[in-house]
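The next block holds one structure in the form of structure tokens; read it before the comments.
Fair warning: this is a prediction, and the values are worked out from it, not measured in the lab.
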Amino acid sequence: MSDTTLEPAWPGAITAVTLVTEDLPATRDFYREVFGLPVHYENDNSAVFRFGGTLINLLDATAAPELMEPAAVAPVGAGSRQVFTLTVEDVDATCEKLAARGVELLNGPMDRPWGIRTASFRDPGGHIWEIAK
């Protein structure tokens, strides 16, 4: 019989995601303006925002190798391999708000075959964000 009171469940919630960017000031300002979030923590190499229970750490590309070694930091333009999804009440209305903030959509709003409505956009660091209902 195992005693589960000694350790938390594995895996637990994702507490932080680090996103590498070549232009930290522009990406930080994008998150402030587009998501309407205050900076949770900031230093010369990073700016952290709280998305509910998850921290999004924007990390300057010059500081990324230390965090990722011996893995290589992918160059800008190598292609996206992740999408971060935020649930919203109304995709179309949220797209209108994003457009008013200068955000260009990559796609959508569109109804997906799996039954949800989505739209996607890119931050200045090249990270893809999707809004969905």
How far does [atom1] of [X] sit from [atom2] of [Y], to the nearest 0.5 angstrom?
X      : Y      : atom1 : atom2 : answer
Thr15  : Asn57  : OG1   : CG    : 11.0 Å
Leu105 : Met110 : CG    : CE    : 9.5 Å
Thr87  : Lys133 : OG1   : NZ    : 9.0 Å
Leu67  : Leu59  : CG    : CG    : 6.0 Å
Asp123 : Leu19  : CG    : CG    : 6.5 Å
Leu55  : Thr18  : CG    : OG1   : 9.5 Å

Exercise. Is a donor on one side and an acceptor on the other found under 3.5 Å between the side chain of Ser46 and the backbone of Glu42?
Worked result: no

Exercise. For Ile14, does its backbone N or O pair with a side-chain atom of Thr54 as donor and acceptor, under 3.5 Å?
Worked result: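 Yes, the answer is positive, given that a donor and an acceptor are paired below the 3.5 Å cut-off.
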
Over all atoms of both residues, closest heavy-atom pair of [X] and [Y]:
X      : Y      : answer
Val91  : Ala132 : CG2-C, 3.8 Å
Val73  : Pro65  : CG2-N, 3.8 Å
Gly126 : Ser80  : O-OG, 3.5 Å
Ser120 : Ile128 : CB-CG2, 4.2 Å
Ala64  : Val20  : CB-CG2, 3.8 Å
Cys95  : Pro109 : SG-CG, 3.8 Å

Problem set entry | Between Thr62 and Asp60, a side-chain donor and acceptor under 3.5 Å | yes

Exercise. With a 3.5 Å cut-off and no angle check, do the side chains of Tyr31 and Asp29 form a donor-acceptor pair?
Worked result: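 There is no such pair between these side chains.
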
Exercise. Does one hydrophobic cluster hold both Val83 and Leu58, with members joined at side-chain heavy-atom distances below 4.5 Å?
Worked result: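 Not linked; separate clusters.
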
Problem set entry | ILVMFWY cluster, Leu86 and Leu37 together (side-chain gap under 4.5 Å) |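 Yes: a chain of side-chain contacts under 4.5 Å links Leu86 to Leu37.
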
With side chains defined as the heavy atoms from C-beta onward, is the minimum distance between [X] and [Y] less than 4.5 Å?
X      : Y      : value
His40  : Arg50  : yes
Ile56  : Val48  : no
Val34  : Leu98  : yes
Arg122 : His127 : no
Arg32  : Val39  : yes

Problem set entry | Check: Tyr41 ring centre within less than 6.0 Å of Phe49 ring centre |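 Judged by ring-centre distance (under 6.0 Å), Tyr41 and Phe49 do not meet the cut-off.
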
Exercise. Ring centres of Phe51 and Trp129 under 6.0 Å apart?
Worked result: yes

Problem set entry | CA sep, side-chain torsions, deciding dist, call: Arg117, Asp92, salt bridge (charged side-chain N to carboxylate O under 4.0 Å, His left out) | CA-CA 9 Å; Arg117 187 160 180 80; Asp92 294 79; 2.7 Å; yes

For this session: Mind running side chain to side chain contact (heavy atoms under 4.5 Å, CB included) on Asn45 and Leu24 for me, showing each step along the way?
Result: CA-CA 8 Å; Asn45 293 318; Leu24 181 59; 5.5 Å; no

Atom [atom1] of residue position [X] - does it have more than 12 heavy atoms of other residues, nucleotides or ligands inside 6.0 Å?
X     : atom1 : value
Arg81 : CZ    : no
Glu66 : CD    : no
Asn43 : CG    : yes

